[in-house]
2 protein chains.
Amino acid sequence: MKPTDSELEILHVLWANGPSTVRQVHETLSQSRDIGYTTALKLMQIMYEKGLLTREEDARSHTYTAAVSEEDTQRNLVDRFVETAFRGSASKLVMQVLGQHKASREELDEIKKLLNNLNQDAGRRD
Amino acid sequence: MKPTDSELEILHVLWANGPSTVRQVHETLSQSRDIGYTTALKLMQIMYEKGLLTREEDARSHTYTAAVSEEDTQRNLVDRFVETAFRGSASKLVMQVLGQHKASREELDEIKKLLNNLNQDAGRRD
DNA sequence: AAACATATACGAACAATTTCGTAGATGCAA
DNA sequence: TTGCATCTACGAAATTGTTCGTATATGTTT
């Protein structure tokens with residue numbers, strides 16, 4: 001259920017480019033790091049067995065599609081990460097990230113807006 | 001340099017309780033999961049070799065201390081995590097976390113305050 | 001001092017992940 | 001139709017992380 005780092009790389013390619021053959025995925029992956037064709041193939045076969053990918057057995061090659069959504073996957077990853085790295089304290093994580101990374105004004109505004117809503121909710125609950 | 005999940009568990013114990021013997025760490029760890037004494041020992045020995053822990057060779061047992069700070073470690077982990085799970089988009093991560101996790105009003109206020117400062121900075125830079 | 005409790009060190013098994021070589025199938029081109 | 005390019009499948013090695021049993025040393029108690 002939890003994709004490994006390599007599997008995540010492949011998922012990102014499929015999320016960004018849509019259904020692709022092993023060759024296409026390998027081509028993209030090659031641009032950012034050294035990886036053999038059969039390595040990519042094997043990874044995608046394993047992911048298929050795990051249910052992380054579906055595939056269409058076309059004429060000669062197979063076309064693979066991500067079977068899990070980017071959102072769901074990231075939600076799962078975040079859950080685990082908050083737990084292991086921040087012992088469950090999501091707000092600590094948020095503050096760490098905000099203090100550390102740059103974000104555009106638009107992004108900050110969007111976050112602020114979301115935060116205001118949450119703040120109102122929290123107020124009502126008290 | 002990057003602690004594994006098990007190593008992180010041990011670091012959390014040491015960060016929370018301060019310098020401790022293997023026995024003390026094992027005692028704490030046992031409360032949350034099944035783990036043998038020698039397993040904890042081995043992990044801490046490896047962490048010592050890696051430089052994640054220092055140790056004081058007392059009379060009979062050793063007293064271990066975290067050699068890396070909680071803040072630095074979390075910063076590193078967040079960096080990697082943003083990269084692998086969110087392809088570098090820190091704000092996506094923040095929004096994912098805020099939308100998903102509950103936080104107390106105090107925490108939200110604190111985040112909001114931090115965010116306002118950042119927002120001003122971003123404004124000035126434009 | 002002898003027996004016991006408890007510590008470290010070490011080796012090894014096991015599992016998961018990553019990597020790639022090689023074999024065999026299949027379509028296409030000469 | 002023969003040979004070349006390219007595909008999948010498979011097996012296996014290398015790496016890393018986790019786990020614990022056993023040996024051995026060292027204090028402590030009687």
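Fair warning: this is a prediction, and the values are worked out from it, not measured in the lab. Within every chain, numbering begins at 1; the chains are lettered A, B, ... in the order of the sequence lines, protein sequences first and strands thereafter.
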Check for a donor-acceptor pair, side chain of [X] on one end and backbone N or O of [Y] on the other, with a separation under 3.5 Å.
| X | Y | result |
| --- | --- | --- |
| B:Ser20 | B:Gly18 | yes |
| B:Gln74 | A:Ala85 | yes |
| A:His26 | A:Ile35 | yes |

Would a hydrophobic clustering, with Ile, Leu, Val, Met, Phe, Trp and Tyr connected at side-chain separations under 4.5 Å, put B:Val68 with B:Leu53?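 Yes, it is one cluster - the side chains of B:Val68 and B:Leu53 are joined through contacts under 4.5 Å.
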
Does one hydrophobic cluster hold both A:Ile46 and A:Leu41, with members joined at side-chain heavy-atom distances below 4.5 Å?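 Result: no, two separate clusters.
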
Inter-axis angle, terminal five-pair segments of the helix from C:dA1-D:dT30 to C:dA30-D:dT1 [nearest 10°]: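 Terminal axis comparison yields 20°.
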
Is A:Gln45 near enough to D:dT8 that one of its side-chain N or O atoms lies under 4.0 angstrom from OP1 or OP2?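 Result: no.
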
Rounding to a whole Å, what distance do you find between [X]:[atom1] and [N]:[atom2]?
| X | N | atom1 | atom2 | answer |
| --- | --- | --- | --- | --- |
| B:Glu57 | D:dG27 | CD | P | 12 Å |
| B:Asp5 | D:dT18 | CG | P | 7 Å |
| B:Met44 | D:dG17 | CE | P | 18 Å |
| A:His62 | D:dT6 | NE2 | P | 17 Å |
| A:Ile46 | D:dA12 | CD1 | C1' | 13 Å |
| A:Met47 | D:dA9 | CE | C1' | 18 Å |

Might you work through the side chain to side chain contact (heavy atoms under 4.5 Å, CB included) test for B:Leu77 and A:Phe81, ending with a clear yes or no? CA-CA 9 Å; B:Leu77 290 173; A:Phe81 184 68; 4.0 Å; yes

At a heavy-atom distance below 4.0 Å, which nucleotide of DNA chain C is the first touched by chain A, and which is the last?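 Boundary nucleotides touching chain A, in 5' to 3' order, are C:dT17 to C:dG27.
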
side-chain hydrogen bond (donor to acceptor under 3.5 Å, both in side chains) partners of residues 81-94 of chain A, not counting sequence neighbours, each pair once: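 Non-adjacent pairs meeting side-chain hydrogen bond (donor to acceptor under 3.5 Å, both in side chains): A:Ser91-B:Glu107.
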
Look at the aromatic rings of B:His62 and B:Tyr64 and report parallel, tilted or perpendicular, splitting at 30° and 60°.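 Answer is tilted, since the angle falls between 30° and 60°.
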
Is B:Glu7 touching bases, backbone alone, or none of the nucleic acid, heavy atoms closer than 4.0 Å?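 Result for B:Glu7 = nothing.
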
List the residues meeting salt bridge (Lys or Arg N to Asp or Glu O under 4.0 Å) with B:Arg75, not counting sequence neighbours, and say none if there are none.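 Scan of B:Arg75 (salt bridge (Lys or Arg N to Asp or Glu O under 4.0 Å), adjacent residues dropped) gives B:Asp72.
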
Applying salt bridge (Lys or Arg N to Asp or Glu O under 4.0 Å), can you list everything that pairs with A:Glu70, at least two apart in sequence or on another chain?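 If we apply the salt bridge (Lys or Arg N to Asp or Glu O under 4.0 Å) test to A:Glu70, skipping adjacent residues, there are no hits.
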
Is there a side chain to side chain contact (heavy atoms under 4.5 Å, CB included) between B:Leu114 and A:Met95? Walk through the geometry before answering. CA-CA 8 Å; B:Leu114 173 59; A:Met95 292 196 282; 4.3 Å; yes

Where along nucleotides 20-26 of chain D does protein come under 4.0 Å, by heavy atom, of base (B) or sugar-phosphate alone (S), with - for untouched nucleotides? BBB---B

